[in-house]
Every structure is written in C-alpha cells, then in structure tokens.
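Model, not experiment: these values are computed from the prediction.
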Amino acid sequence: MDRTELAALLRHARDRARPGDVGLPAGSRRQVPGLRREEVAQLAGVSVDYVVRLEQGRGPHPSSSVLAALARALRLNDEDRTLLFQFAGAAPPQEGRIDMVVRPSMLRLLDRMVDLPALVLSAKADVLAWNPMAVALFGDFTAWPPAQRNVIWQRFLGTERGRIAMTPAEADNAAALSVASLRSARARYPDDPGLLRLVSELRSRSPRFEQLWTARRAGQWRSESKTIDHPELGQLRLDCDTLLVPDTDQAMVVYSAAPGSPEASALDLLRVTGTQRFTIAESSG
C-alpha cells in the first residue's frame, strides 16, 4: 500500500469534482473548489475521519468495497480507479464483475440534462449517479446508505414510502420485473459478490421476493409512464425511458413530459426551484 500516492490521488480527485457533478447543490459560500470531505464521506458511506486519515496518508488498508465506493463518489475514470486500487494494494475489479463506475461520457451527458431528471443504474439496480433534477424530483439519494442505494432493495426492504405512486397491479408488475432483472443479472454475472450478497439478503428477509425468485422469471426493464407523488407539486404522470449502455451494462433512466402539458410546466418549475421547499403565502384578513 502506497499511502502517499493514495492520499495525493484522493485529494486531487476531490478538488476536481464539483457538487453539481454528483447531484449536490453548489451553494454560494463554498470554501473549497471541489467537494468537501463531509460530502465525499456521505457519498461513499464512510466516516469523515476515515476520509481525513486517508488524505493525510495515515489511514488503514481500505477494503475493495470501500475503494469502489470512493471511486464512485469522486467520479473516477477507469484509469484513476485502477490507480486507486493499485495504490491501496488491492486488485482492480475483475472481468465478469458488475461495473460500478460511470464512464466520463455518461456523466457529461447526465450533466447536460439540466431540465430533465435522470439517474444511472448498475446492472443490479444500484443508483450510481444522478443529476440535480433527479434530487429535486425524488429526494436526496445520499440519505440512503451505500449498501441500500439500490432501487430493488428499497422496493422490498425499504422502510420509507417512495415517491412513485402505483396501483396494486402496477406494484405487482414492478416487483416481478425487479426480481426478473436480478435473475437475468445473475445469469450474466454468476460470481459477482455484490450481486450474490444482494440476492441472498433479499431472499432471506423478504418473503415476497423469495416467492417471486422461485418463480424463475427472467426479464428487463421497459420504458413506461410513472406517477410521481411529489410532496410540493402533487402527482405528476411522467414518461420514464430507460437508455441502455451495452458495454458497461448500465442504464440511464430519464423522466420527461410532453411539451405544453401540466407536467412539463411542473418540471420547469422544479428546475428553477431545485430542492428548495415551496411556501404558500396566506393572505391576511
């Protein structure tokens, strides 16, 4: 483990990253050019003290899962991710494992979508990246611990009510497709440890997941319309399109509305207000 080089790489990567790149508000009183250590820790699911010790060259030997989480939080490209693992004395991710790093070109595309909510999912439905509009529509994804930052985990084991409103039939279909997509992913990545852990936890803790898993249905996500129950704007019926990236086996999910529709106006308002809460001024008298 080369602690000096590892520390330098982490510091420079944090300085290069921008809050908007990871779906965080930029703010007007930032004292650092890139991300704060607190933000990196929150995105990666580690303590701030852990990040500080790594950046000072006195940290412990990071596990492969922590290194992967740091690479995602700092938006490292393939070359920098490989260096990160090598400086930490760990083997880079192997062939046949699910790709958990979003390529720079995908991140640029995500950044250009300033008026549409969009997020990037891994082959096992981890939320890897998102833009500010996605945060404004769905809430802060960093509130989910990294191990739970997965839409299928949240569907079966999450305790908070999500913002996607479904009829009972829609909920049953979404649950079946979620399980089918994981079964398809396991066929492509039979030895991926993260996928095996996810499936094992879901099977042991969710009777509904276990029932659907034993049905042995395979499938993939499809483009469709979804109803979002926004706490300030009410219910929005949005088109949800899934754009597949075959060579990384990732998907960009984009939400949009027809021009001139009430939903399109709501998205325009959301782009202006961002994550600020709306207030309704009551007239006096």
Distance from Thr82 atom OG1 to Phe87 atom CZ, nearest 0.5 Å? 11.0 Å

Using side chain to side chain contact (heavy atoms under 4.5 Å, CB included), reason through Ile164 and Ile228 one step at a time and then give a plain yes or no. CA-CA 5 Å; Ile164 297 180; Ile228 313 301; 3.9 Å; yes

Is the number of heavy atoms from other residues, nucleotides or ligands within 6.0 Å of CZ (Arg112) greater than 12? no

Keeping to residues at least two apart or across chains, list the ring-ring contact (aromatic ring centres under 6.0 Å, His included) pairs with something in residues 155-211. Phe156-Phe209, Phe209-Trp213

Close side-chain approach of Trp153 to Arg205, heavy-atom, < 4.5 Å: yes

Hey, does Leu270 have a side-chain heavy atom less than 4.5 Å from the side chain of His230? yes

Starting from Leu9, can I reach Val101 by hopping between I/L/V/M/F/W/Y residues whose side chains sit under 4.5 Å apart? no

Is a side-chain N or O of Arg149 found less than 3.5 angstrom from the main chain of Leu43, in a donor-acceptor match? yes

Taking C-beta and beyond as the side chain, do Arg197 and Pro193 meet within less than 4.5 Å on heavy atoms? yes

Are the side chains of Val179 and Arg203 in touch, meaning some heavy atoms are under 4.5 Å apart? no

Any donor-acceptor N/O pair, Arg37 side chain to Val48 backbone, under 3.5 Å: no

Just do the side chain to side chain contact (heavy atoms under 4.5 Å, CB included) check on Leu182 and Arg186 with the steps written out, would you? CA-CA 6 Å; Leu182 277 189; Arg186 199 183 73 164; over 6 Å; no

Looking at Asp49 and Arg53, is any side-chain nitrogen of the basic one under 4.0 Å from a carboxylate oxygen of the acidic one? yes

Run Val46 and Leu54 through side chain to side chain contact (heavy atoms under 4.5 Å, CB included) and show every step you take. CA-CA 11 Å; Val46 297; Leu54 285 177; over 6 Å; no

Expected output: side-chain Arg14 to main-chain Leu35 donor-acceptor under 3.5 Å: yes

Any idea which heavy atoms bring His61 and Gly89 closest together, and the distance? NE2-O, 3.8 Å

With no hydrogens and no angle check, is any side-chain donor or acceptor of Glu39 less than 3.5 Å from a backbone partner on Arg36? yes

Heavy atoms only: give me the nearest Met133-Leu267 pair and the separation to one decimal. CE-O, 3.6 Å

Looking at Arg163 and Leu137, would you say the former's side chain and the latter's main chain have a donor-acceptor pair under 3.5 Å? yes

Run Gln56 and Leu10 through side chain to side chain contact (heavy atoms under 4.5 Å, CB included) and show every step you take. CA-CA 10 Å; Gln56 292 178 348; Leu10 291 172; over 6 Å; no

So do the side chains of Lys226 and Leu238 get within less than 4.5 Å of each other, counting heavy atoms only? no

Among Leu212, Asn173, Leu202, Ile152, whose side chain to side chain contact (heavy atoms under 4.5 Å, CB included) with Ser178 holds? Ile152

Please give me the minimum heavy-atom distance between Gln154 and Gln148, naming the atom from each residue. NE2-O, 2.9 Å

Which side-chain N or O atoms in residues 115-128 pair as donor and acceptor under 3.5 Å with protein atoms at least two apart or in another chain?
| unit_1 | atom_1 | unit_2 | atom_2 | d |
| --- | --- | --- | --- | --- |
| Ser122 | OG | Lys124 | N | 3.2 |
| Ser122 | OG | Ala125 | N | 3.4 |
| Ser122 | OG | Asp126 | N | 3.0 |
| Ser122 | OG | Asp126 | OD2 | 2.7 |
| Lys124 | NZ | Asp126 | OD1 | 3.2 |
| Lys124 | NZ | Asp126 | OD2 | 2.8 |
| Asp126 | OD1 | Asn150 | ND2 | 3.2 |

Give a yes or no on whether the backbone of Glu201 and the side-chain of Ser204 come within a donor-acceptor separation of less than 3.5 Å. yes

Find out whether Asp80 and Arg16 are in side-chain contact, i.e. whether some heavy atom of one side chain is under 4.5 Å from a heavy atom of the other. yes

Within the structure provided, determine whether Val40 and Leu74 are in side-chain contact (heavy-atom separation under 4.5 Å). yes

Would you give the length of the straight line joining atom CE of Met113 to atom OG of Ser256, rounded to the nearest 0.5 angstrom? 9.5 Å

Rounded to the nearest 0.5 Å, what separates atom CD in Glu224 from atom CD in Glu170? 7.5 Å

Student check: side-chain heavy atoms of Val254 and Leu243 closer than 4.5 Å: yes

Write down the atom of Gln250, the atom of Val102, and the distance for their closest heavy-atom approach. OE1-CA, 4.0 Å

Cluster overlap Val52 with Leu84, hydrophobic side-chain contacts below 4.5 Å: no

Single-linkage hydrophobic cluster, 4.5 Å side-chain cutoff, Leu157 and Met166 together: yes

Any side-chain to backbone donor/acceptor pair from Gln86 onto Asp2? Under 3.5 Å, distance only. no

If I compare all heavy atoms of Pro62 with all of Ala88, which pair ends up nearest, and what's the gap? CD-CB, 4.2 Å

Donor-acceptor side-chain pairing of Asp140 and Thr142 below 3.5 angstrom: yes

Minimum heavy-atom separation for Met106 to Met252, with atom names? O-CE, 3.8 Å

